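Accompanying notes for the structure given below.
Since the structure is predicted, the reported quantities are computational estimates derived from the model, not experimental observations.
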Amino acid sequence: MNLDNLARIDLNLLVTLQVLLEEQSVTRAANRLHLSQSALSKSLNRLRDTLDDPLFQRTAHGLKPTAHALALGKVLPQALQNLYQLTLPPSFEPATSQRHFAFSMVESAYETLIPYFIGSLLQQAPQLKLDTYGWTEKSIYDLQHGQIDFGIAGRDIHPHSQFKVDDLADGLQYQTLFSDNQVCLVRKDHPILSVLQQGSWHQAAYLAMGHVQVRCEGNDWWALDYFLANSHHHRRISTTVPDFYGAASICAHTDLIFTLPSSFAHHAQNLYPLVQIPLPFEFMPMAYVLLWHERNNQDPGHEWVRQMIFNSIPHDLKASAHTE
(Lines give C-alpha, C1' and ligand atoms only; values in the text may rest on other atoms or scores of the structure.)
Protein backbone atom coordinates (compact mmCIF):
# COMPACT_ATOMS: atom_id res chain seq x y z
CA MET A 1 0.00 0.00 0.00
CA ASN A 2 1.35 3.40 -0.99
CA LEU A 3 0.26 5.59 1.91
CA ASP A 4 1.79 8.68 0.32
CA ASN A 5 -0.57 8.41 -2.65
CA LEU A 6 -3.51 7.63 -0.38
CA ALA A 7 -2.78 10.70 1.72
CA ARG A 8 -3.32 12.90 -1.33
CA ILE A 9 -6.86 11.61 -1.84
CA ASP A 10 -9.79 13.38 -0.19
CA LEU A 11 -11.75 10.40 1.15
CA ASN A 12 -14.94 12.45 1.00
CA LEU A 13 -14.67 12.21 -2.77
CA LEU A 14 -15.14 8.44 -2.52
CA VAL A 15 -18.50 9.01 -0.84
CA THR A 16 -19.40 11.39 -3.66
CA LEU A 17 -18.42 8.78 -6.22
CA GLN A 18 -20.54 6.10 -4.56
CA VAL A 19 -23.62 8.35 -4.51
CA LEU A 20 -23.10 9.32 -8.13
CA LEU A 21 -22.84 5.66 -9.08
CA GLU A 22 -26.08 4.93 -7.26
CA GLU A 23 -28.06 7.93 -8.53
CA GLN A 24 -26.42 8.49 -11.94
CA SER A 25 -27.75 12.05 -11.69
CA VAL A 26 -25.97 15.16 -10.49
CA THR A 27 -29.28 16.62 -9.25
CA ARG A 28 -30.29 13.61 -7.16
CA ALA A 29 -26.75 13.07 -5.90
CA ALA A 30 -26.48 16.73 -4.84
CA ASN A 31 -29.77 16.44 -2.93
CA ARG A 32 -28.61 13.32 -1.07
CA LEU A 33 -25.30 14.90 -0.16
CA HIS A 34 -26.91 18.24 0.78
CA LEU A 35 -24.72 20.05 -1.74
CA SER A 36 -25.44 22.48 -4.52
CA GLN A 37 -25.16 21.11 -8.05
CA SER A 38 -22.24 23.45 -8.61
CA ALA A 39 -20.38 22.10 -5.57
CA LEU A 40 -21.03 18.53 -6.66
CA SER A 41 -19.79 19.27 -10.18
CA LYS A 42 -16.56 20.62 -8.71
CA SER A 43 -16.18 17.42 -6.63
CA LEU A 44 -16.74 15.34 -9.78
CA ASN A 45 -14.03 17.27 -11.57
CA ARG A 46 -11.64 16.65 -8.69
CA LEU A 47 -12.49 12.96 -8.84
CA ARG A 48 -11.70 12.88 -12.55
CA ASP A 49 -8.32 14.53 -11.94
CA THR A 50 -7.50 12.24 -9.03
CA LEU A 51 -8.49 9.01 -10.78
CA ASP A 52 -7.39 10.13 -14.25
CA ASP A 53 -10.65 9.02 -15.83
CA PRO A 54 -13.82 10.86 -16.98
CA LEU A 55 -15.86 8.46 -14.80
CA PHE A 56 -19.24 9.56 -16.23
CA GLN A 57 -20.61 10.70 -19.56
CA ARG A 58 -23.69 12.92 -19.74
CA THR A 59 -26.59 11.43 -21.69
CA ALA A 60 -30.24 12.31 -22.18
CA HIS A 61 -31.05 9.86 -19.40
CA GLY A 62 -28.48 11.10 -16.88
CA LEU A 63 -24.91 10.06 -16.16
CA LYS A 64 -23.49 6.91 -17.73
CA PRO A 65 -20.53 5.39 -15.81
CA THR A 66 -17.35 4.58 -17.69
CA ALA A 67 -15.82 1.11 -17.53
CA HIS A 68 -13.40 2.32 -14.87
CA ALA A 69 -16.25 3.78 -12.78
CA LEU A 70 -18.16 0.49 -13.04
CA ALA A 71 -15.06 -1.40 -11.91
CA LEU A 72 -14.69 0.92 -8.94
CA GLY A 73 -18.37 0.41 -8.15
CA LYS A 74 -17.71 -3.28 -7.48
CA VAL A 75 -15.17 -2.64 -4.70
CA LEU A 76 -16.14 0.79 -3.43
CA PRO A 77 -19.16 -0.22 -1.24
CA GLN A 78 -17.06 -2.68 0.81
CA ALA A 79 -14.22 -0.18 1.11
CA LEU A 80 -16.61 2.49 2.39
CA GLN A 81 -18.19 -0.03 4.78
CA ASN A 82 -14.74 -0.80 6.20
CA LEU A 83 -14.06 2.90 6.63
CA TYR A 84 -17.43 3.30 8.32
CA GLN A 85 -16.60 0.51 10.76
CA LEU A 86 -13.53 2.51 11.79
CA THR A 87 -15.78 5.34 12.93
CA LEU A 88 -17.89 3.13 15.21
CA PRO A 89 -17.12 2.59 18.88
CA PRO A 90 -15.45 -0.79 19.49
CA SER A 91 -17.76 -3.71 20.15
CA PHE A 92 -17.44 -7.38 21.07
CA GLU A 93 -20.01 -10.13 20.64
CA PRO A 94 -18.78 -13.22 22.50
CA ALA A 95 -21.12 -15.64 20.73
CA THR A 96 -19.78 -14.79 17.26
CA SER A 97 -16.31 -13.34 17.87
CA GLN A 98 -13.38 -15.15 16.24
CA ARG A 99 -10.68 -13.12 17.96
CA HIS A 100 -7.42 -14.58 19.19
CA PHE A 101 -6.09 -13.91 22.68
CA ALA A 102 -2.62 -14.92 23.81
CA PHE A 103 -1.75 -15.69 27.44
CA SER A 104 1.56 -16.17 29.21
CA MET A 105 1.09 -18.04 32.50
CA VAL A 106 3.10 -19.51 35.30
CA GLU A 107 2.92 -23.28 35.26
CA SER A 108 0.85 -23.62 38.43
CA ALA A 109 -1.93 -21.49 36.87
CA TYR A 110 -2.75 -24.34 34.49
CA GLU A 111 -3.99 -26.32 37.49
CA THR A 112 -5.07 -23.63 39.93
CA LEU A 113 -6.79 -21.14 37.59
CA ILE A 114 -7.53 -22.36 34.05
CA PRO A 115 -10.05 -25.03 35.17
CA TYR A 116 -12.21 -22.31 36.71
CA PHE A 117 -12.56 -20.05 33.66
CA ILE A 118 -11.74 -21.95 30.47
CA GLY A 119 -15.04 -23.85 30.26
CA SER A 120 -17.40 -20.93 30.82
CA LEU A 121 -15.32 -18.63 28.61
CA LEU A 122 -15.41 -20.97 25.61
CA GLN A 123 -19.04 -21.85 26.24
CA GLN A 124 -20.04 -18.22 25.81
CA ALA A 125 -17.50 -17.51 23.06
CA PRO A 126 -17.06 -20.83 21.24
CA GLN A 127 -15.17 -19.36 18.28
CA LEU A 128 -12.44 -17.64 20.29
CA LYS A 129 -8.90 -18.94 19.91
CA LEU A 130 -6.81 -18.94 23.06
CA ASP A 131 -3.05 -19.42 22.79
CA THR A 132 -1.11 -20.02 26.00
CA TYR A 133 2.61 -19.85 26.64
CA GLY A 134 4.76 -20.45 29.68
CA TRP A 135 5.70 -17.48 31.83
CA THR A 136 9.33 -16.49 31.22
CA GLU A 137 11.65 -13.59 31.88
CA LYS A 138 10.51 -12.23 28.49
CA SER A 139 6.77 -12.20 29.30
CA ILE A 140 6.73 -8.66 30.72
CA TYR A 141 8.39 -7.40 27.54
CA ASP A 142 5.85 -9.30 25.42
CA LEU A 143 2.97 -7.76 27.35
CA GLN A 144 4.42 -4.31 26.97
CA HIS A 145 4.92 -4.69 23.22
CA GLY A 146 1.66 -6.41 22.37
CA GLN A 147 3.05 -9.88 21.67
CA ILE A 148 0.65 -11.34 24.25
CA ASP A 149 -2.65 -10.05 25.61
CA PHE A 150 -2.65 -11.33 29.20
CA GLY A 151 -0.23 -12.61 31.78
CA ILE A 152 -1.00 -14.69 34.86
CA ALA A 153 1.90 -14.68 37.30
CA GLY A 154 2.77 -14.95 40.95
CA ARG A 155 3.09 -11.68 42.80
CA ASP A 156 6.17 -11.74 45.01
CA ILE A 157 5.66 -9.16 47.71
CA HIS A 158 9.18 -9.24 49.10
CA PRO A 159 11.08 -6.08 48.10
CA HIS A 160 14.10 -7.99 46.79
CA SER A 161 12.23 -10.57 44.74
CA GLN A 162 12.52 -10.74 40.97
CA PHE A 163 8.88 -10.04 40.13
CA LYS A 164 7.18 -7.15 41.89
CA VAL A 165 3.96 -5.62 40.60
CA ASP A 166 4.94 -2.15 41.75
CA ASP A 167 8.05 -2.30 39.55
CA LEU A 168 6.29 -3.41 36.38
CA ALA A 169 7.11 -1.67 33.13
CA ASP A 170 5.17 1.50 32.41
CA GLY A 171 1.73 0.85 31.03
CA LEU A 172 1.13 -2.54 32.61
CA GLN A 173 -1.82 -3.03 34.93
CA TYR A 174 -2.95 -5.91 37.08
CA GLN A 175 -5.83 -7.39 39.02
CA THR A 176 -5.37 -9.71 41.98
CA LEU A 177 -7.14 -13.02 41.39
CA PHE A 178 -6.52 -14.74 44.71
CA SER A 179 -3.95 -14.93 47.47
CA ASP A 180 -2.13 -18.06 48.59
CA ASN A 181 0.23 -19.30 51.28
CA GLN A 182 3.37 -21.40 51.05
CA VAL A 183 3.26 -24.95 52.40
CA CYS A 184 5.62 -27.91 52.28
CA LEU A 185 5.32 -31.39 50.79
CA VAL A 186 7.28 -34.48 51.82
CA ARG A 187 6.94 -38.13 50.88
CA LYS A 188 4.47 -40.22 52.83
CA ASP A 189 7.06 -42.01 55.04
CA HIS A 190 9.46 -39.12 55.46
CA PRO A 191 11.41 -39.12 58.77
CA ILE A 192 10.51 -35.48 59.35
CA LEU A 193 6.92 -36.50 60.05
CA SER A 194 7.95 -37.99 63.39
CA VAL A 195 9.75 -34.75 64.23
CA LEU A 196 6.54 -32.91 63.43
CA GLN A 197 4.57 -35.13 65.81
CA GLN A 198 7.07 -34.35 68.57
CA GLY A 199 6.55 -30.64 68.09
CA SER A 200 10.13 -30.06 66.94
CA TRP A 201 9.25 -28.62 63.55
CA HIS A 202 10.93 -25.21 63.32
CA GLN A 203 13.01 -23.08 60.98
CA ALA A 204 16.32 -24.75 61.88
CA ALA A 205 14.93 -28.18 61.06
CA TYR A 206 13.51 -26.87 57.81
CA LEU A 207 16.84 -25.31 56.77
CA ALA A 208 18.73 -28.49 57.65
CA MET A 209 16.81 -30.45 55.04
CA GLY A 210 17.59 -30.80 51.35
CA HIS A 211 15.14 -28.93 49.09
CA VAL A 212 13.80 -29.39 45.59
CA GLN A 213 13.11 -26.09 43.89
CA VAL A 214 11.24 -25.01 40.76
CA ARG A 215 13.10 -22.55 38.57
CA CYS A 216 10.98 -19.48 37.74
CA GLU A 217 11.84 -17.02 34.96
CA GLY A 218 15.32 -18.50 34.85
CA ASN A 219 15.80 -17.66 38.52
CA ASP A 220 16.74 -20.33 41.08
CA TRP A 221 15.61 -18.18 44.02
CA TRP A 222 12.04 -17.44 45.05
CA ALA A 223 10.79 -14.63 47.28
CA LEU A 224 11.22 -17.05 50.20
CA ASP A 225 14.97 -17.27 49.53
CA TYR A 226 15.34 -13.50 49.51
CA PHE A 227 13.35 -13.34 52.72
CA LEU A 228 15.65 -15.87 54.41
CA ALA A 229 18.78 -14.19 53.06
CA ASN A 230 17.82 -10.97 54.85
CA SER A 231 18.42 -12.80 58.12
CA HIS A 232 21.51 -14.59 56.73
CA HIS A 233 19.77 -17.92 56.29
CA HIS A 234 19.75 -20.07 53.19
CA ARG A 235 17.97 -23.20 52.06
CA ARG A 236 20.08 -26.13 50.89
CA ILE A 237 18.64 -26.54 47.40
CA SER A 238 19.75 -29.98 46.23
CA THR A 239 17.79 -30.13 42.98
CA THR A 240 16.33 -27.45 40.73
CA VAL A 241 13.77 -28.42 38.09
CA PRO A 242 11.75 -26.45 35.48
CA ASP A 243 8.23 -27.49 36.53
CA PHE A 244 6.02 -28.21 39.55
CA TYR A 245 5.07 -31.76 38.64
CA GLY A 246 8.72 -32.67 38.19
CA ALA A 247 9.47 -31.27 41.64
CA ALA A 248 6.53 -33.18 43.13
CA SER A 249 7.74 -36.44 41.57
CA ILE A 250 11.25 -35.95 42.93
CA CYS A 251 9.81 -35.10 46.33
CA ALA A 252 7.76 -38.34 46.34
CA HIS A 253 10.86 -40.48 45.69
CA THR A 254 13.47 -38.77 47.88
CA ASP A 255 13.86 -37.16 51.29
CA LEU A 256 13.84 -33.69 49.72
CA ILE A 257 11.19 -31.19 50.83
CA PHE A 258 9.21 -29.15 48.34
CA THR A 259 7.91 -25.68 49.27
CA LEU A 260 5.12 -24.42 47.03
CA PRO A 261 1.79 -22.53 46.94
CA SER A 262 -0.91 -24.42 48.83
CA SER A 263 -3.34 -24.27 45.89
CA PHE A 264 -1.01 -26.47 43.82
CA ALA A 265 -0.09 -28.80 46.66
CA HIS A 266 -3.52 -30.43 46.51
CA HIS A 267 -3.06 -31.30 42.83
CA ALA A 268 0.37 -32.82 43.51
CA GLN A 269 -1.10 -34.92 46.32
CA ASN A 270 -3.70 -36.33 43.92
CA LEU A 271 -0.87 -37.81 41.84
CA TYR A 272 1.81 -38.73 44.36
CA PRO A 273 1.90 -40.15 47.93
CA LEU A 274 2.81 -36.84 49.51
CA VAL A 275 2.00 -35.30 52.88
CA GLN A 276 1.44 -31.58 53.36
CA ILE A 277 3.05 -29.91 56.34
CA PRO A 278 3.16 -26.22 57.30
CA LEU A 279 6.01 -23.87 56.67
CA PRO A 280 7.56 -23.68 60.16
CA PHE A 281 7.85 -19.89 60.29
CA GLU A 282 5.78 -16.89 59.27
CA PHE A 283 6.08 -15.78 55.69
CA MET A 284 3.96 -13.30 53.77
CA PRO A 285 1.34 -14.70 51.37
CA MET A 286 1.78 -14.51 47.62
CA ALA A 287 -0.90 -13.71 45.07
CA TYR A 288 -1.81 -14.73 41.57
CA VAL A 289 -2.36 -11.68 39.38
CA LEU A 290 -3.83 -11.07 35.94
CA LEU A 291 -1.71 -8.63 33.91
CA TRP A 292 -2.41 -6.63 30.76
CA HIS A 293 -1.35 -3.41 29.05
CA GLU A 294 -3.31 -0.22 29.58
CA ARG A 295 -3.73 0.17 25.81
CA ASN A 296 -6.40 -2.53 26.11
CA ASN A 297 -8.30 -0.98 29.02
CA GLN A 298 -11.23 0.12 26.88
CA ASP A 299 -11.16 -2.77 24.42
CA PRO A 300 -14.51 -4.59 24.90
CA GLY A 301 -13.02 -7.99 24.07
CA HIS A 302 -10.17 -7.64 26.54
CA GLU A 303 -12.50 -6.26 29.17
CA TRP A 304 -14.91 -9.18 28.69
CA VAL A 305 -12.13 -11.78 29.02
CA ARG A 306 -10.75 -10.08 32.14
CA GLN A 307 -14.17 -10.01 33.76
CA MET A 308 -14.88 -13.62 32.83
CA ILE A 309 -11.63 -14.75 34.42
CA PHE A 310 -12.15 -12.78 37.60
CA ASN A 311 -15.81 -13.74 37.99
CA SER A 312 -14.98 -17.43 37.54
CA ILE A 313 -12.66 -17.60 40.54
CA PRO A 314 -14.48 -19.23 43.50
CA HIS A 315 -15.22 -16.87 46.36
CA ASP A 316 -13.24 -18.98 48.81
CA LEU A 317 -10.12 -18.43 46.68
CA LYS A 318 -10.70 -14.89 45.53
CA ALA A 319 -8.69 -12.25 47.31
CA SER A 320 -9.76 -8.69 47.91
CA ALA A 321 -9.11 -8.01 44.26
CA HIS A 322 -8.16 -4.59 42.99
CA THR A 323 -6.78 -2.96 39.89
CA GLU A 324 -3.71 -0.75 39.91
Side-chain angles (χ1 to χ4, degrees), residues 3 82-110 112-114 116-118 120-122 124-125 127-180 216-219 223 261 284-313 315 317-324:
L3 293 179
N82 291 341
L83 288 171
Y84 174 69
Q85 291 295 325
L86 294 178
T87 69
L88 298 177
S91 63
F92 178 76
E93 296 296 335
T96 57
S97 176
Q98 298 182 11
R99 287 183 63 176
H100 290 196
F101 292 100
F103 289 74
S104 181
M105 299 187 293
V106 292
E107 182 209 356
S108 56
Y110 286 88
T112 59
L113 282 168
I114 275 190
Y116 293 120
F117 69 79
I118 190 71
S120 57
L121 194 152
L122 290 177
Q124 295 191 40
Q127 298 183 70
L128 286 190
K129 187 173 187 300
L130 306 179
D131 296 321
T132 65
Y133 305 91
W135 183 268
T136 71
E137 60 272 17
K138 187 174 174 287
S139 295
I140 292 294
Y141 176 91
D142 289 342
L143 274 170
Q144 191 178 17
H145 291 83
Q147 301 302 311
I148 57 176
D149 298 287
F150 300 102
I152 295 179
R155 179 188 180 191
D156 291 341
I157 301 173
H158 191 268
H160 298 293
S161 62
Q162 291 294 305
F163 174 67
K164 296 179 294 177
V165 171
D166 292 342
D167 287 345
L168 288 180
D170 289 343
L172 293 192
Q173 298 193 326
Y174 76 96
Q175 187 171 31
T176 300
L177 297 175
F178 72 92
S179 59
D180 206 354
C216 294
E217 300 181 52
N219 184 33
M284 75 260 322
M286 55 87 68
Y288 285 93
V289 295
L290 178 67
L291 297 146
W292 68 93
H293 196 278
E294 64 182 8
R295 75 171 70 88
N296 296 316
N297 278 350
Q298 305 304 318
D299 181 285
H302 278 256
E303 188 174 10
W304 182 82
V305 171
R306 293 197 303 267
Q307 204 59 44
M308 283 291 296
I309 292 174
F310 187 69
N311 289 343
S312 298
I313 306 301
H315 291 295
L317 276 182
K318 194 178 297 182
S320 298
H322 59 283
T323 302
E324 298 290 344

*asked:* Do Ser179 and Tyr288 pair up side chain to side chain, a donor and an acceptor below 3.5 Å, judged on atom types alone?
replied: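 Result is no, nothing qualifies.
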*Is it the case that Trp304 and Asp299 place a side-chain donor and acceptor less than 3.5 Å from each other?*
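Result is no, nothing qualifies.
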Taking all atoms of both residues into account, what is the closest heavy-atom pair of [X] and [Y], and its distance?
X: Ile148; Y: Tyr133; value: CG2-CD1, 4.4 Å
X: Ala102; Y: Gln147; value: CB-O, 4.3 Å
X: Met105; Y: Thr132; value: CE-CG2, 3.8 Å

Under a 3.5 Å distance rule, please check whether [X] uses its side chain to pair with a backbone N or O of [Y] as donor and acceptor.
X: Arg306; Y: Gln175; answer: no
X: Ser104; Y: Gly151; answer: no
X: His293; Y: Arg295; answer: yes
X: Thr176; Y: Phe178; answer: no
X: Ser97; Y: Glu93; answer: no

[X] vs [Y] side-chain heavy atoms within contact, under 4.5 Å:
X: Gln98; Y: Lys129; value: no
X: Asp180; Y: Thr112; value: no
X: Leu130; Y: Leu121; value: yes
X: Ile140; Y: Trp135; value: yes
X: Leu177; Y: Phe310; value: yes

*Between Asp149 and His302, is a side-chain hydrogen bond (donor to acceptor under 3.5 Å, both in side chains) present by the stated rule, with each step listed?*
CA-CA 8 Å; Asp149 298 287; His302 278 256; 3.2 Å; yes
_Audit row: Leu291, Gln173, side-chain contact (heavy atoms from CB on, under 4.5 Å) steps and yes/no_ = CA-CA 6 Å; Leu291 297 146; Gln173 298 193 326; over 6 Å; no
Euclidean distance, [Y] [atom2] relative to [X] [atom1], rounded to 0.5 Å:
X: Ile309; Y: Tyr116; atom1: CD1; atom2: OH; result: 14.5 Å
X: Ser139; Y: Ile152; atom1: OG; atom2: CD1; result: 11.5 Å
X: Leu122; Y: Gln127; atom1: CG; atom2: CD; result: 11.5 Å
X: Gln307; Y: Phe117; atom1: CD; atom2: CZ; result: 13.5 Å
X: Arg99; Y: Leu128; atom1: CZ; atom2: CG; result: 8.5 Å

_Residues, nucleotides or ligands: over 12 heavy atoms within 6.0 Å of Glu294 CD_ =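 It does: Glu294 CD has more than 12 such atoms within range.
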*Anything under 30° is parallel, anything over 60° is perpendicular, the rest tilted; go ahead and classify Phe92 against Phe101.*
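Plane angle over 60°, so perpendicular.
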*asked:* If you apply the rule side-chain contact (heavy atoms from CB on, under 4.5 Å), what do you find for Phe103 with Ile114, and how did you get there?
replied: CA-CA 11 Å; Phe103 289 74; Ile114 275 190; over 6 Å; no
